[in-house]
Chemist: 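This is the structure I have questions about; it appears just below.
Start at 1 with the first residue, then count along the sequence. Side chains are part of it too, since the values below use all heavy atoms of this structure and drop only hydrogens, waters and symmetry mates.
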Amino acid sequence: MIRYRMRVARGLALVAAVAALAVPQAALASTTVKLAGSTTVQPIAQKWASAYHKLHSSVSLVVAGGGSGAGFTNVDKGMVDIGMSSRDPKPAPSSEANLKTYVVARDAVAVIVNPNNKVRKLTPVQVNDIYTGKITNWKQVGGANKAIVLCGRTGASGTYEFFKERFLNNKRQSSRTKAYASNGMVRSAVARNKYAVGYVSLAYINKSVRGVSINGVAPTKANAAAGKYPYVRPLYFLTKGAATGETKKFIDWCMSSAGQKIATTEFLHR
């Protein structure tokens, strides 16, 4: 019985050794690159990751959201290889200033309303007054006699930081604002409510919402690319120190003509 068990053990060991040799070398050399951060950058990063994996099957890319703040924090702590941000890094003494930044695309921020809302245009002053609580009824800007439902982003959002700086002159949005964790959630909230207003990345505008013209200029990719629509910002990848290995290869590819061709399906080239 003992000899039998020994023969079985040797046989299993041999099978395991043969199976290991049969595993494709690409699988043995598999590398995982982790990304997290801005929900503005997340969709295009997922498209890049999918396209890159088709070219380099031994490289797995995992893309998560969390907001720009999470992108900075997670890469600084070594939790991910690449952080994603839709805002500039904070200056020293913030640790964000020490991170390596890569501009991978450009984006615009747009104010959105429900398609059934007859308000089609606003001025920057009106947007400021709406989000700081001076204007509370659509009737005050040519709409229905209904209270304005404010939708916005949380403090961790790069979209919020940009909106706060460029539309609100660095004033906080009204406490009446329902803050959401992603662009998609803001879009959904506005799509559900005829009297809601929100702000999102230009790439998130679809048939469920309508982009509001600012000073008569519609928030379109063409207008942003031409410099007519001024609310444009860079989108970043972040690394702790200069990128190396597969992380560097992926970033370089995203910034190449092949990567930028994918980027311009939703954003502006870098």
Chemist: Which value, rounded to the nearest 0.5 Å, describes the distance between Lys194 atom NZ and Asn116 atom CG?
Modeler: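 Rounded to the nearest 0.5 Å, the NZ-CG separation comes out at 5.5 Å.
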Chemist: Test of understanding: with side-chain contact (heavy atoms from CB on, under 4.5 Å), list the residues that count as partners of Ala144, not counting sequence neighbours.
Modeler: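 Once residues adjacent in sequence are excluded, the partners of Ala144 under the side-chain contact (heavy atoms from CB on, under 4.5 Å) criterion are Lys146, Tyr195.
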Chemist: If the test is side chain to side chain contact (heavy atoms under 4.5 Å, CB included), which one of Lys178, Gln173, Arg176 qualifies with Leu150?
Modeler: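 With Leu150 as partner, side chain to side chain contact (heavy atoms under 4.5 Å, CB included) holds for just one option, Arg176.
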Chemist: Any side-chain heavy atom of Val141 within less than 4.5 Å of one from Trp138?
Modeler: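 Heavy-atom side-chain distance check passes, below 4.5 Å.
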Chemist: Would you sort out whether Val111 and Ile130 count as a side chain to side chain contact (heavy atoms under 4.5 Å, CB included), showing the intermediate values?
Modeler: CA-CA 11 Å; Val111 176; Ile130 286 170; over 6 Å; no
Chemist: Determine yes or no for a side-chain-to-main-chain donor-acceptor pair under 3.5 angstrom, with Ser50 supplying the side chain and Gln46 the backbone.
Modeler: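 Checking the backbone N and O of Gln46 against the side chain of Ser50, no donor-acceptor pair under 3.5 Å is found.
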Chemist: Please list all pairs passing the side chain to side chain donor-acceptor pair (under 3.5 Å) test where one or both residues lie in residues 74-84, with sequence neighbours left out.
Modeler: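 Every side chain to side chain donor-acceptor pair (under 3.5 Å) pair that includes a residue of residues 74-84, provided the two are not neighbours, is Asp76-Ser95.
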Chemist: Do Thr73 and Met79 have side-chain heavy atoms sitting under 4.5 Å apart?
Modeler: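 They are not in side-chain contact.
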Chemist: Any link between Leu99 and Val103 through a network of hydrophobic side chains (Ile, Leu, Val, Met, Phe, Trp, Tyr) touching at under 4.5 Å?
Modeler: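 Per the 4.5 Å side-chain linkage, Leu99 and Val103 are co-clustered.
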Chemist: Side-chain donor-acceptor pair under 3.5 Å between Arg233 and Thr40, yes or no?
Modeler: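 Their side chains do contain a donor-acceptor pair, which is all the 3.5 Å distance test asks for.
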Chemist: Looking at Thr101 and Pro89, what are the two nearest heavy atoms and their distance?
Modeler: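 Taking Thr101 first and Pro89 second, the nearest heavy atoms are CG2-CG, 4.1 Å.
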Chemist: Would you say that Lys47 contacts Thr265 through its side chain, given a criterion of any heavy-atom pair below 4.5 Å between the two side chains?
Modeler: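 SC-SC contact between Lys47 and Thr265 confirmed.
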Chemist: Rounded to the nearest 0.5 Å, how far does CZ of Phe237 lie from OG of Ser38?
Modeler: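 If I round to the nearest 0.5 Å, the distance is 10.0 Å.
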Chemist: Can you find a pair of side-chain heavy atoms, one from Val209 and one from Asn206, that are under 4.5 Å apart?
Modeler: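 Contact flag for Val209/Asn206 side chains = yes.
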Chemist: Is Val200 reachable from Leu235 through a run of hydrophobic residues whose side-chain heavy atoms are each under 4.5 Å from the next?
Modeler: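 They do not share one cluster, since no chain of ILVMFWY contacts under 4.5 Å joins Leu235 to Val200.
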Chemist: Does any non-hydrogen side-chain atom of Trp48 lie less than 4.5 Å from one of Val104?
Modeler: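 Heavy-atom side-chain distance check passes, below 4.5 Å.
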Chemist: Enumerate donor-acceptor pairs with a distance under 3.5 Å from any side-chain N or O in residues 211-223 to protein atoms, sequence neighbours excluded.
Modeler:
unit_1 : atom_1 : unit_2 : atom_2 : d
Thr220 : OG1    : Asn223 : N      : 3.1
Thr220 : OG1    : Asn223 : ND2    : 3.3
Lys221 : NZ     : Thr264 : O      : 2.4
Asn223 : ND2    : Ala218 : O      : 2.9

Chemist: Tell me, with the steps shown, if Leu61 and Val33 meet side chain to side chain contact (heavy atoms under 4.5 Å, CB included).
Modeler: CA-CA 5 Å; Leu61 298 109; Val33 178; 4.1 Å; yes
Chemist: Can you tell me how far CD1 of Ile112 sits from SG of Cys151, rounded to the nearest 0.5 angstrom?
Modeler: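 Here the interatomic distance stands at 8.0 Å.
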Chemist: Provide the closest heavy-atom pair for Val186 versus Gly152 in the form atom of the first, atom of the second, distance.
Modeler: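 That closest heavy-atom pairing would be CG2-O, 3.4 Å.
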Chemist: Without swapping roles, check the side chain of Arg153 against the backbone of Tyr180 for a donor-acceptor pair under 3.5 Å.
Modeler: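 Side chain of Arg153 to backbone of Tyr180: a pair is present.
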Chemist: Looking at every heavy atom in both Ala243 and Ile251, which two are closest together, and how far apart are they?
Modeler: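 Here Ala243 and Ile251 meet closest at CB-CD1, 4.0 Å.
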Chemist: Following the transitive rule for hydrophobic clusters with a side-chain heavy-atom cut-off under 4.5 Å over Ile, Leu, Val, Met, Phe, Trp and Tyr, establish whether Phe250 and Val80 coincide in one cluster.
Modeler: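 No, because Phe250 and Val80 fall into different hydrophobic clusters, even though each may have its own neighbours under 4.5 Å.
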Chemist: So, the side chain of Thr177 versus the backbone of Ala179: is there a donor-acceptor pair under 3.5 Å, distance only?
Modeler: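 No, Thr177 side chain to Ala179 backbone: no donor-acceptor pair under 3.5 Å.
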Chemist: Testing the basics here: between Gly198 and Val190, what is the closest heavy-atom pair and its distance to 0.1 Å?
Modeler: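 Where Gly198 meets Val190 most closely, the heavy atoms are N-CG2, 3.7 Å.
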Chemist: Checking Tyr102 now: which residues fulfil ring pair (Phe, Tyr, Trp, His ring centres under 6.0 Å) with it, not counting sequence neighbours?
Modeler: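 Tyr102 satisfies ring pair (Phe, Tyr, Trp, His ring centres under 6.0 Å) with no other residue.
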Chemist: Heavy-atom distance under 4.5 Å between the side chains of Leu35 and Val41, does that happen here?
Modeler: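 They are not in side-chain contact.
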Chemist: Same cluster for Tyr131 and Tyr160 if Ile/Leu/Val/Met/Phe/Trp/Tyr side chains link at under 4.5 Å?
Modeler: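 Looking at the clustering, Tyr160 is in the same group as Tyr131.
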Chemist: If you look at every heavy atom in Ala203 and Asp107, which pair is closest and at what distance?
Modeler: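 Closest approach of Ala203 to Asp107: N-OD1, 4.1 Å.
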Chemist: Looking at side-chain heavy atoms only, is the closest gap between Asn137 and Asn145 below 4.5 Å?
Modeler: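 Yes; the side chains approach each other to less than 4.5 Å.
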Chemist: Could you state the interatomic distance from CG (Leu202) to CG (Leu268), rounded to the nearest 0.5 Å?
Modeler: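 If I round to the nearest 0.5 Å, the distance is 7.5 Å.
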Chemist: Could you tabulate the donor-acceptor pairs under 3.5 Å formed by side-chain atoms of residues 161-170, not counting sequence neighbours?
Modeler:
unit_1 : atom_1 : unit_2 : atom_2 : d
Arg166 : NH2    : Pro230 : O      : 3.1

Chemist: Which value, rounded to the nearest 0.5 Å, describes the distance between Arg270 atom CZ and Tyr236 atom OH?
Modeler: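 If I round to the nearest 0.5 Å, the distance is 13.0 Å.
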Chemist: With clusters defined by side-chain heavy atoms of hydrophobic residues (ILVMFWY) lying less than 4.5 Å apart, directly or transitively, does Tyr199 cluster with Tyr231?
Modeler: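 Same cluster: Tyr231 reaches Tyr199 through Ile, Leu, Val, Met, Phe, Trp or Tyr contacts under 4.5 Å.
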Chemist: Please find the pair of heavy atoms, one from Pro43 and one from Glu266, that lie closest to each other, and give the distance.
Modeler: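 Looking at all heavy atoms of both residues, the closest pair is CB-OE1, 4.2 Å.
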Chemist: Suppose the criterion is side chain to side chain donor-acceptor pair (under 3.5 Å): which pairs have a residue in residues 245-258, not counting sequence neighbours?
Modeler: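 Found Lys248-Asp252.
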Chemist: I would like to know whether Met185 and Thr39 meet side chain to side chain contact (heavy atoms under 4.5 Å, CB included); could you show each step before the answer?
Modeler: CA-CA 10 Å; Met185 293 174 72; Thr39 63; over 6 Å; no
Chemist: Would you say Ser86 and Ser68 are linked by a side-chain donor-acceptor pair, where the criterion is simply a distance under 3.5 Å?
Modeler: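 Side chains of Ser68 and Ser86: pair found under 3.5 Å.
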Chemist: Checking side-chain polar atoms at under 3.5 Å, does Ser201 have a donor or acceptor matched by the opposite partner on Asn183?
Modeler: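 Their side chains do not contain a donor-acceptor pair, so the 3.5 Å distance test is not met.
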Chemist: For a 4.5 angstrom cut-off between non-hydrogen side-chain atoms, does Arg210 reach Asn114?
Modeler: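 Counting from C-beta outward, Arg210 and Asn114 never come under 4.5 Å.
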Chemist: Look up atom CZ in Arg187 and atom CD1 in Ile205, then write down how far apart they are to the nearest 0.5 Å.
Modeler: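 Arg187 atom CZ to Ile205 atom CD1 measures 10.0 Å (nearest 0.5 Å).
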